[in-house]
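Taking it in order: structure first as structure tokens, then the write-up.
The analysis underlying the following values was restricted to heavy atoms, covering all of them including side chains, and did not include hydrogens, waters or symmetry mates. The residues of the chain are indexed from 1 along the displayed sequence.
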Amino acid sequence: MWTRLYALIVKELLAVLRDPKGRAILIGPPIVQLLVFSYAATLEVRNVDVLILNRDSGHWGQELIERIDGSPTFRKIEIAGSQTEVRAAIDNQTAIAALEIGPDFSRNIEAGAPADLQVVLDGRRSNASQIVAGYLSQIGATLAAETPAGKRAGAEFVSTMPRNWFNPNLTYQWFMVPNLIASIALLIGLIVTALSIARERELGTFDQLMVSPLRIHEILIGKLIPPMMIGLFHITVYILAAVFLFEVPLRGSLFLLYGSAIFYLGSVAGLGLFISALSMTQQQAILGAFLFMVPAMLLSGFATPIENMPGWLQPVTLINPLRYFLVIVKGVFLKDIPLSEVVNQTIPLALIAAVTLSAAAWLFRRRLE
């Protein structure tokens with residue numbers, strides 16, 4: 001059996017790696033994706049253009065404008081002459097937000113009366129506009145605390161000092177790079193495995209494989225191990241890049257990370273083999289892989305918490321292997337996740353691998369009937 005398995009594993013590796021273009025696709029694009037997405041896929045909002053309509057001629061209105069202009073978040077501050085310009089800027093998306101300072105802004109501040117500001121936001125970019133509104137509110141609150149009325153009432157307010165655990169400086173790459181380790185491994189592992197059987201069918205060697213001395217479980221193992229080896233290679237490269245290039249702290253155990261990665265790659269390869277067994281051509285296999293991959297990314301908690309999803313949709317995420325491995329990889333990197341939590345997240349991965357591989361084996365047996 002071991003001789004047959006060894007021969008099949010070597011055959012699968014040669015089918016993937018002997019083609020120079022195939023090697024380039026397996027090595028080049030994942031590295032480029034890691035570098036590009038680590039800098040481009042950020043939830044931060046920076047280099048924002050803001051329009052200001054200042055109808056106040058006093059000191060505090062000008063002080064507010066200078067503070068906004070001095071913030072590193074905002075790239076360019078434009079002064080509007082009328083509300084028509086504000087409407088045109090928002091309509092044409094030349095500014096994501098417009099701030100209107102009323103004519104009595106400084107007078108109300110000096111008198112200790114409420115001084116309101118109006119912020120007009122581009123609702124078409126809802127997430128970014130809400131973040132910009134938070135930045136402007138924070139600048140306004142800081143200014144309010146330094147006004148005469150704010151200083152008099154300072155003793156009556158509770159001072160809140162935020163402290164961010166696991167990512168003290170809110171460096172977005174500490175959040176994004178571990179996510180990309182799991183996501184790109186899913187992309188590569190799923191594509192390579194999904195093409196495996198479909199390629200055999202197009203080349204006409206699948207029937208020869210099924211009538212060979214290899215048993216069903218031996219074919220599954222032979223098809224399973226090469227993608228897992230490639231996936232472990234990619235994960236190793238990503239970990240090295242995360243630690244030495246992006247300086248993401250690795251606080252947990254590499255042993256736990258690699259141990260769970262084996263089950264994760266097994267579940268991904270199981271899904272890929274199931275898709276490949278259903279597909280008759282490589283084109284169908286690629287479409288099937290993307291049909292699973294896009295919902296898997298959206299339902300993994302990568303960008304939005306699972307708890308924020310509708311109640312009827314949350315159970316669907318239970319069959320998504322990316323959901324569990326994201327918890328592990330971020331926990332190992334940022335918070336030294338304990339063994340018990342790794343086991344709790346690895347058990348569903350093992351169950352997904354068992355179910356998908358069993359389904360793929362059933363499809364193979366049907367092929368023999």
Side-chain angles (χ1 to χ4, degrees), residues 12 15-17 19 21-38 40-41 176-203 206 220 223-224 226-235 237-238 261 263-304 306 309 313-326 329 348-349 352-353 355-357 359-360 363-364:
E12 290 296 317
V16 176
L17 300 177
D19 183 12
K21 294 182 180 179
R23 292 196 301 269
I25 291 174
L26 284 177
I27 298 174
I31 302 300
V32 173
Q33 289 172 354
L34 180 64
L35 296 175
V36 171
F37 291 156
S38 298
M176 189 58 63
V177 174
N179 283 335
L180 291 174
I181 292 174
S183 302
I184 300 178
L186 171 68
L187 170 65
I188 300 300
L190 198 61
I191 293 296
V192 171
T193 315
L195 291 177
S196 175
I197 300 174
R199 182 178 61 248
E200 299 266 10
R201 284 178 174 163
E202 285 194 353
L203 295 176
F206 180 72
L220 285 176
K223 295 286 187 181
L224 183 69
M228 292 180 63
M229 295 171 62
I230 295 172
L232 286 174
F233 167 75
H234 283 140
I235 288 177
V237 173
Y238 301 154
F263 289 94
Y264 172 64
L265 294 172
S267 64
V268 171
L271 288 166
L273 285 175
F274 178 73
I275 293 172
S276 188
L278 288 174
S279 306
M280 298 302 297
T281 64
Q282 295 189 64
Q283 183 181 20
Q284 292 178 1
I286 293 175
L287 292 176
F290 276 98
L291 182 63
F292 170 81
M293 190 164 50
V294 174
M297 295 287 290
L298 296 176
L299 299 177
S300 65
F302 181 94
T304 58
I306 295 175
M309 300 177 186
L313 190 58
Q314 293 184 22
V316 180
T317 66
L318 297 176
I319 61 174
N320 184 6
L322 184 58
R323 164 186 176 163
Y324 305 103
F325 194 61
L326 281 179
V329 70
L349 294 175
I352 294 172
V355 171
T356 53
L357 289 173
L363 289 173
F364 287 162

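Taken from CG in Leu195 to CD1 in Ile275, the straight-line distance is 10.5 Å, to the nearest 0.5 Å. Taken from CG in Leu273 to CG in Leu190, the straight-line distance is 10.0 Å, to the nearest 0.5 Å. The CG atom of Leu224 sits 9.5 Å away from the CG atom of Leu265 when rounded to the nearest 0.5 Å. Considering CG of Leu326 and CE of Met297, their distance stands at 8.0 Å, rounded to 0.5 Å. Of the inter-residue distances, the one linking Met176 atom CE with Asn179 atom CG reads 6.5 Å to the nearest 0.5 angstrom. Residue His234 holds its NE2 atom at 6.5 Å from CD1 of Ile31, rounded to the nearest 0.5 Å.
Residues passing the side chain to side chain contact (heavy atoms under 4.5 Å, CB included) test with Leu187, sequence neighbours excluded: Gln33, Ile191, Met293. Applying the side chain to side chain contact (heavy atoms under 4.5 Å, CB included) criterion to Val355, with sequence neighbours excluded, gives no partner residue. Listed by chain and residue number, Ser267 satisfy the side chain to side chain contact (heavy atoms under 4.5 Å, CB included) test with Ala353 (two or more places apart in sequence, or in another chain). The side chain to side chain contact (heavy atoms under 4.5 Å, CB included) search around Ile319 returns none, not counting sequence neighbours.
Counting heavy atoms of neighbouring residues, nucleotides and ligands inside a 6.0 Å radius, atom CE of Met309 exceeds 12 of them. In Phe292, the CZ atom is crowded: over 12 heavy atoms of neighbouring residues, nucleotides or ligands sit closer than 6.0 Å.
When side chains are defined from C-beta on, Thr317 does not count as touching Tyr324, because their heavy atoms never get closer than 4.5 Å.
In plain terms, the two heavy atoms of Ser300 and Ile306 that are nearest each other are O-CD1, 4.0 Å. For the residue pair Ala182 and Val329, the shortest heavy atom distance occurs at CB-CG1, 4.4 Å. The two residues Tyr238 and Pro30 come nearest to each other via the heavy atoms OH-CB, 2.9 Å. Across all their heavy atoms, Ile235 and Ala261 have their closest contact at CD1-CB, 4.0 Å. Between Met280 and Gln284, the shortest heavy-atom distance links the atoms N-OE1, 2.8 Å.
The side-chain contact (heavy atoms from CB on, under 4.5 Å) with Leu271 is formed by just one residue from the set Leu186, Thr193, Thr356; it is Thr356.
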Side chain to side chain contact (heavy atoms under 4.5 Å, CB included) assessment of Val237 paired with Leu34
CA-CA 10 Å; Val237 173; Leu34 180 64; 5.8 Å; no

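Pairs passing the ring-ring contact (aromatic ring centres under 6.0 Å, His included) check and including a residue from residues 263-288, sequence neighbours excluded, read Tyr264-Phe325. Among residues at least two apart or in separate chains, side chain to side chain donor-acceptor pair (under 3.5 Å) pairs with a member in residues 274-283 are Glu202-Gln282.
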